[in-house]
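Take a look at the structure set out below.
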Amino acid sequence: GPYGRFVLRTWEDKPIVMLASGTGLAPLASMVRHALLNGEYDGHITLYAGARTPEELYDVEAFRGLEEEFADRFTYHPCVSGDAVEGFRHGRVNEVMESDFDRLGGHQGYICGSPAMVESSLKSMMGKRLFPRDIFREDFFNEGDKVAGVGSPLIKR
């Protein structure tokens, strides 16, 4: 269950890059809404949300509305990894993010999704020079993963 460590660090003014896939979007969506609607954070947030198809993404129009309302503080990139679809970025969220940023130094990173997605996103963010101390993540493990000892070999917490 949740331990309360995956929270938005509103006390820091670093720009934020968020990567989510599937149901991993839920906690990041909450953070985005909290930051924008409650005025808890004045920096810029870039959210990459991914799925195989547009139909598997949720709240697309709501995030596009937030992007329009808070254009100077929020950027939204819905990504699909299946067939390319107009109006959606094509590729996995970490790959799309890599094409957008030369470096992530000075940012905060937030990642939420399956263990494989989190692992590849961690590598991508660190490859863009974001230090592990500035990357926050939430993995979705099940009991089978726990018994098998599945976890990130990159960052121990």
Side-chain angles (χ1 to χ4, degrees), residues 1-128 130 134-142 145 152:
Y3 295 100
R5 295 187 328 207
F6 192 59
V7 298
L8 183 66
R9 281 138 181 90
T10 56
W11 56 90
E12 297 190 38
D13 60 358
K14 296 177 181 178
I16 294 172
V17 175
M18 296 179 163
L19 305 177
S21 67
T23 58
L25 180 59
L28 297 181
S30 177
M31 291 178 189
V32 166
R33 289 183 178 108
H34 177 74
L36 298 176
L37 301 176
N38 294 338
E40 292 288 327
Y41 172 76
D42 292 325
H44 191 273
I45 299 171
T46 303
L47 171 64
Y48 296 85
R52 283 181 297 246
T53 67
E55 294 78 26
E56 293 174 356
L57 287 169
Y58 60 95
D59 285 349
V60 173
E61 292 310 314
F63 285 118
R64 286 182 172 158
L66 287 173
E67 182 178 39
E68 187 174 310
E69 183 177 350
F70 298 96
D72 58 332
R73 296 181 44 220
F74 179 62
T75 304
Y76 171 60
H77 298 287
C79 307
V80 294
S81 60
D83 294 335
V85 177
E86 188 175 335
F88 295 85
R89 303 285 299 274
H90 185 254
R92 297 180 185 274
V93 290
N94 64 302
E95 297 165 345
V96 175
M97 179 277 298
E98 285 178 5
S99 71
D100 289 350
F101 289 89
D102 292 327
R103 293 180 53 90
L104 287 175
H107 285 71
Q108 291 181 63
Y110 290 80
I111 306 168
C112 195
S114 70
M117 175 272 183
V118 170
E119 195 69 25
S120 62
S121 296
L122 278 168
K123 289 178 183 177
S124 293
M125 285 187 162
M126 288 190 295
K128 294 291 182 178
L130 188 58
D134 291 320
I135 302 172
F136 310 98
R137 71 187 197 283
E138 186 78 303
D139 302 293
F140 286 105
F141 294 111
N142 63 31
D145 295 326
S152 174

Please round to the nearest 0.5 Å and tell me the distance separating atom [atom1] of [X] and atom [atom2] of [Y].
| X | Y | atom1 | atom2 | answer |
| --- | --- | --- | --- | --- |
| Leu57 | Ser21 | CG | OG | 10.0 Å |
| Phe63 | Tyr58 | CZ | OH | 7.0 Å |
| Asp134 | Met126 | CG | CE | 12.0 Å |
| Met97 | Arg92 | CE | CZ | 14.0 Å |
| Met125 | Ser121 | CE | OG | 6.5 Å |
| Ile45 | Gln108 | CD1 | CD | 9.5 Å |

Do [X] and [Y] have side chains that get closer than 4.5 Å, going by heavy atoms?
| X | Y | value |
| --- | --- | --- |
| Glu55 | Val85 | no |
| Ile16 | His44 | no |
| Arg137 | Tyr110 | no |
| Ser99 | Arg89 | yes |
| Met117 | Cys112 | no |
| Ile111 | Leu122 | yes |
| Tyr76 | Val32 | no |
| Phe88 | His77 | no |

TODO: Verify side-chain contact (heavy atoms from CB on, under 4.5 Å) between Arg73 and Leu66, making sure each step is shown before the conclusion.
DONE: CA-CA 9 Å; Arg73 296 181 44 220; Leu66 287 173; over 6 Å; no

TODO: Establish, yes or no, whether a centroid distance under 6.0 Å links the rings of His107 and Phe101.
DONE: yes

Open item on the list: Within the 3.5 Å criterion, strictly below it, is a donor on Asp100 or Tyr48 matched to an acceptor on the partner's side chain?
Closed with: yes

Open item on the list: A quick test of your reading: do over 12 heavy atoms of other residues, nucleotides or ligands sit less than 6.0 Å from CZ of Arg33?
Closed with: yes

Open item on the list: Does atom CG (Asn38) have a neighbourhood of more than 12 heavy atoms from anything else shown, all under 6.0 Å?
Closed with: yes

Task: Heavy-atom closest pair, residues Val80 and Pro54 - done: CG1-N, 3.5 Å

Open item on the list: Between His34 and Ala29 (side chain of the first, backbone of the second, donor and acceptor by atom type, cut-off under 3.5 Å), is there such a pair?
Closed with: no

Open item on the list: Looking at Glu56 and Arg52, would you say the former's side chain and the latter's main chain have a donor-acceptor pair under 3.5 Å?
Closed with: yes

Open item on the list: If you apply the rule side-chain contact (heavy atoms from CB on, under 4.5 Å), what do you find for Leu19 with Leu47, and how did you get there?
Closed with: CA-CA 6 Å; Leu19 305 177; Leu47 171 64; over 6 Å; no

TODO: Establish, yes or no, whether the cationic atom of Arg9 lies under 6.0 Å from the six-membered ring centre of Phe136 and within 45° of the ring axis.
DONE: yes

